[in-house]
Colleague: 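Take this structure first; my questions come after.
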2 protein chains.
Amino acid sequence: MQAAAHAFADKGFHATTTRDIASGAGLSPAGVYVHFGSKEELLFNLSRSGHESALRLLRGAIADGPTPAHQLANVMRRFSEWHVEQYQVARVVQYEHHHLTPEHHAEVLALRKEMDSVVRDVLDRGVADGTFTVDDSGDTALALLSIVVDVARWYSPTIRRTPAEIGATNAALALRLVGATHRA
Amino acid sequence: MQAAAHAFADKGFHATTTRDIASGAGLSPAGVYVHFGSKEELLFNLSRSGHESALRLLRGAIADGPTPAHQLANVMRRFSEWHVEQYQVARVVQYEHHHLTPEHHAEVLALRKEMDSVVRDVLDRGVADGTFTVDDSGDTALALLSIVVDVARWYSPTIRRTPAEIGATNAALALRLVGATHRA
DNA sequence: AGTCAGACTAAGCAAGCGCTTAGTTACCGA
DNA sequence: TCGGTAACTAAGCGCTTGCTTAGTCTGACT
C-alpha cells in the first residue's frame, strides 16, 4: 500500500502500472495479486483508510478545542500539517477518488461529506456565539477547505517550509477570514 | 482540441485514449494525427493556450482596477468565473500540466510563475498604500490562489451556483482575508 | 481538364497493460 | 516427519494502447 501511495501520488492512478507498484514493494508483478484483487481495490483501500484517518483527525481537532476559535485553529493547523506530512496519501485522497468504481466512490463521498460538515459546524457555532462573522458558512467552509486541500497540490518535499509553519499560517489565515484574528 | 479538453478534464490525461479524443471530434483514430504529432503535443497546446489566456485575464483584471482593492476583487471575481465557465480547460491547466514532457512543463511553469507574481504584486501594492493588512504576501497570495484554483476541483455543471455568484463570493472572501472588507 | 496539396480513413503493428495460471518455497502445528 | 497453508514467482494470455502506413477523396488553382 505504501508503494501504491507513492506511485499514485507521483503519477496518478492511470499512469501507474501494477508493475510499478510491485517493484516499489520489492515484489514480482504477480505478487501484488496475493494481497489485492485488482489495482482499483488497492486504490480503494488506500482512499478509504486515508479518508477515515482524515476524518478522525478533524474530529480530534474539534474535541481538543474549548471554543469555536480554538477548534477552527486546530482543524486548520492539524489538517494542513497532515496534508504536508502525509502528502502522498493526501494527494490520493483529494485527487484520485474519482477513479474508483461507482460503489467505492459513493462510500468515500459519504466520508467526504462528513468532513465538510465538521468544518461547517464549527463555523456555525462560532457565528452563533458571536466570535465569527461570515456571510455564508457553506461558502466559507469550502474556501477554508480549499486552502488546506490545495496544500496537497502545491507541496513538494523540496520546499523549505516546515509542516508546523504551514499549519500555523493556515490557522492564522482562517481566523482572519472569519473575523476572529484577535482571539484563538 | 475541444474534444481533448473535455476528455482530459473528465478522466485525466492518462485515462484518456486517442480513440476517445478522435471519436469526440467525429474523426477516425488516425484523424487526430493529421493535426497533432502526439497525444502529449495535444495536451501541451491545450495547456499553453489555457495558461496564456489565464495570464491575459489576470493582467486585464489588474489593468481595469483603479486601486489595489479593486484590482484584487477583479482578479478574484474574473479568475473564479473563468474557472467555472471554462472549467474543463481550467482542470487541464491546473491538474494535468505535470504530465507534460520536461521541456513543455518548464514552459508552462514559467507562465504559472508570472500568474503568481500578478497576485503577489497586487497584495504588496495594497500593503504599501495601507489598504491591506497581511502577515506574508507570498503565503496570502498562495491561499487566495488556492481558493480560486480549487474551484476547478469541486465545480460541476450540476451545481446550482452561477459563475457570477461564485466570483462575487470569492472576491468578498479575498477582501476580508486582506483586511479590506469595508472597501472594494 | 489536369494537378496537387491537404484532410481524412481502413487496417494494423509493436509494445505495454491488467491480470491469471501453474508451480515453488517457507513455515507451522500435530 | 509430514500435511497444509500462505506468500511468492516465471511465464504468459488476451486485450488495449499510441501511433503508422498506404491509400482515398475533396476542392482550389492553373
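Note: hydrogens, waters and symmetry copies are ignored here, and every other heavy atom, side chains too, is used. Numbers restart at 1 for each chain; the letters A, B, ... are given by sequence-line order, proteins then strands.
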Colleague: List the atom of A/Tyr95, the atom of A/Arg153, and the distance in Å for their closest heavy-atom pair.
Modeller: OH-CB, 3.4 Å
Colleague: Say whether, by atom type as modelled, one donor and one acceptor occur between the side chain of B/Glu165 and the main chain of B/Arg161 under 3.5 angstrom.
Modeller: no
Colleague: Side chain of A/Arg19, heavy atoms from C-beta onward: which of D/dC8, C/dT9, C/dC17 has the nearest atom to it?
Modeller: C/dC17
Colleague: Name every residue in residues 28-42 of chain B that has at least one heavy atom under 4.0 Å from any atom of DNA chain D, in order of residue number, or write none if there are no such residues.
Modeller: B/Ala30, B/Tyr33, B/Ser38, B/Lys39
Colleague: Which pair of heavy atoms, one from A/Phe79 and one from A/Ala54, lies closest together, and at what distance?
Modeller: CE1-CB, 3.8 Å
Colleague: Can you tell me how far P of C/dG16 sits from CD1 of A/Ile21, to the nearest Å?
Modeller: 18 Å
Colleague: Show the numbers, then the answer: is there a side-chain hydrogen bond (donor to acceptor under 3.5 Å, both in side chains) between B/His97 and B/His105?
Modeller: CA-CA 7 Å; B/His97 64 83; B/His105 194 204; 3.0 Å; yes
Colleague: For the hydrophobic clusters of this structure (ILVMFWY residues joined by side-chain heavy atoms under 4.5 Å, transitively), does one cluster hold both A/Leu123 and A/Leu55?
Modeller: yes
Colleague: CG of B/Leu27 versus C1' of D/dT24: gap in Å, rounded?
Modeller: 16 Å
Colleague: Keeping A/Lys11 on the side-chain end and A/Thr17 on the backbone end, is there a donor-acceptor pair under 3.5 Å?
Modeller: no
Colleague: Under 4.0 Å between a side-chain N or O of A/Thr18 and OP1 or OP2 of C/dG18?
Modeller: yes
Colleague: Round to a whole Å and report the spacing from NE2 of B/His14 to P of D/dT16.
Modeller: 19 Å
